[in-house]
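Keep in mind it's a predicted model, so treat the numbers as computed, not measured. So that the names make sense, note that chain A is the first sequence line, chain B the second, and so on, each numbered from 1.
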Amino acid sequence: MSCSLQLCLSLSRYCKTIGGLNQIYARSLKAGIDQNPLLVGQLLLLSAVTIPDTIDYARSLFAEIDSPDVFMYNTLIRGLSESGYPHEALLTYTQMRHQSFIPDSFSFAFLFKAAANVKSLGVGTQLHCQALLFGLDDHLFVRTTLISSYAEAEDLRSAQKAFHETEEPNVVTWNAMVTAYFRCSDLEGAHQMFSKMPVRDLTSWNIMLAGYTKAGEFEVARRIFNEMPDKDSVSWSTMIVGFAQNGCLDEAFEFFRESLREGMGSNEVSLTGILSVFAQVGAFISGQVLHGHVVKVGFNNVISVTNALLDVYAKCGDTEMARKVFDHMVEKKSVISWSVMMAALAMQGLADEVLKLFGEMEKNGIRPDGVTFVSLLYACSHAGLIEGGCEYFHKMQETYEIEPSIEHYGCMVDLYGRAGLLSKAYEFVSEMPIQPNEIIWRTLLGACSMHGELKLAEEARKKLSELDPENSSDYILLSNIYAVAGKWKDVAMVRRSMISRNINKTPGWSTIEVDKVVYKFVAGERESEVANEAHHKLADIMSALRTAGYVPEVRSVLHDIEEEEKENSVSQHSEKLAAAFGLAKMCQGNVIRIVKNLRVCRDCHTVMKLISKVYDREILLRDRRRVFCKGGCNYEVDTWEDCEYNEMCHKDSVLKDHQWSAYIDHAPGGMLPCLHSRIWLQVWNSYQDKGSS
DNA sequence: CTAGGGTTAG
């Protein structure tokens, strides 16, 4: 008897899969030791915590236990909380109390974590009272999780109180408190706490880095990074991801290369961060190269890395390759994988496929989240599927109990507005259960601009001037509407108020990758050789296009200026420069991929289409919402319906000097040890093989 | 009758 118990126990120590778990359980049933508390406790720990995605197994295993003890309750609570069921974890605690079990310090360590993930307020306080009741609140582990839980609820005062009542806080408690200040956006408090710390460890420093990068205080973060006595891979990836998530793409890339130079090597987090940079700038070839690297070092079975790779292909407009990565994912696909894939299809305007994929996702038993529904609603609004969109909007609330966020309401406003149902859109806005923010009004304003609806536009604009008076795009949208209607006096008025309030436009930029180097063309500068080259090539192209019969589309140019100057202003949009540069530098047959940070204007669409035709090139242009293809196999795809909403298609007269420039990132030579297309080829072949079999 | 589990950073 005890012999088989010992065997089962040692087996459980090495068990890593659900199959092994089943074997041990079967063995224990056979030996009649399936109710042994030690063994069943270990099996529960395996299914609830150690082996991923086996929480259902843990639940049913728990149901089979005749007399669970506190350890088992704690384990189930922990498992539920870590598997995304914090509410059920809390319910398990009440169940446990119902059976008159006395919780221990472990219970509260897990419960406070669950409380941090639960939306409803005051759960932390209730649990705190419970901990006090059982005399466990002065336990250091409990204190630390308590502070984190209050931090998550952004209850800084309670967190502070809990900290001050701690008699001998250790480094971890101090760290948790510093994190709490950051979480509550109190940078000053975090800094004070940090400087008062009697002992600091590497984690303390890393918390500082994370806090400041998340707050957008890059210079402070950089200074701390340089002052740190020691750095580890977390320090480096914090910087890389921090920059990448805040649009500081050059810095992220710089830190990534520096980390390799310092011999840090890449890890799953830094790779995820840098892949997101590639996705954002549309660095297709670099992405492929990194894909090769990922496969080589074996990170392709790490879900976050694969999702990031998927996103690179999605954002570079290569739906086919995205699909291949998606279909061949080694690990189980997460909600994120499905959502990214759906977003990829939605960006291409493939609404039917988005809806189909959503059906598949449901069939696979994957629970969609809020992001999934954004893609779904986006697809519906762009395909004009009003009824479908409404159905999904209800389904998300009724079937999946997802509270619509402001983005979802935005999608709905867009759904009605884009279809021209402006009064319906307005009605929807007025009846929204949450306060419409500037994005909602801006969506409405965009829809008005699309349909030339002046009256409603003015109202939306009025709301916007209260909510977000500094935002330039609203002024631009409104003045576009006036410009299209030929109301130049009103255009001038908008213009003047912009200047008097000292509002500048978000500078537009476009990136293009040539030979694994990403070139960035920015409005308002023209200092480098590259910019000059692009400029000259563009002039050639424009005259060639004119000969081919091109007439500039200047209808929506911002202000009432001479025709010639209007032409001049649209002819210098950064995407055109990027295209010209690509045309000059890239071999025939390579796809010219351009990424634009804002929206693309009508004239740029026409020009891209013509360049593609005249020079026989495939051009793929992505802006912040959509992928446009011209030429190649996609030549027939016409995506005109999408070129409204352009916040930036007009050259800003505030930036009077006609200076344009290119920003060049240094060649990433030696960036990775395996920058050879050979490896990429292997990756590609492996996909081909799997695909055909 | 005992054994087994935890806190902060990317």
Report task. Identify whether the distance between the nearest side-chain nitrogen and carboxylate oxygen of A/Glu262 and A/Lys231 falls below 4.0 Å. Result ->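 No, A/Glu262 and A/Lys231 are not salt-bridged.
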Query raised in the report: Do A/Arg257 and A/Glu254 sit within salt-bridge range, that is, some charged N less than 4.0 Å from a carboxylate O?
Result: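 The answer is yes: the pair qualifies as a salt bridge.
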Requested in this report: Classify the ring geometry between A/Phe253 and A/Phe256 as parallel (under 30°), tilted (30 to 60°) or perpendicular (over 60°).
Outcome: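 Rings of A/Phe253 and A/Phe256: parallel, as their planes differ by under 30°.
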Report summary line: Its contact letters, B for base, S for sugar-phosphate only and - for none at protein heavy atoms under 4.0 Å, make nucleotides 3-10 of chain B read BBBBBBBB
Query - A/Gln280 vs A/Lys315 side-chain heavy atoms within contact, under 4.5 Å - result: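 Not in contact.
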Report task. Please collect all ring-ring contact (aromatic ring centres under 6.0 Å, His included) contacts where either partner lies in residues 44-95 of chain A, sequence neighbours excluded, each pair once. Result ->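 The answer is A/Phe62-A/Tyr73, A/Tyr73-A/Phe101.
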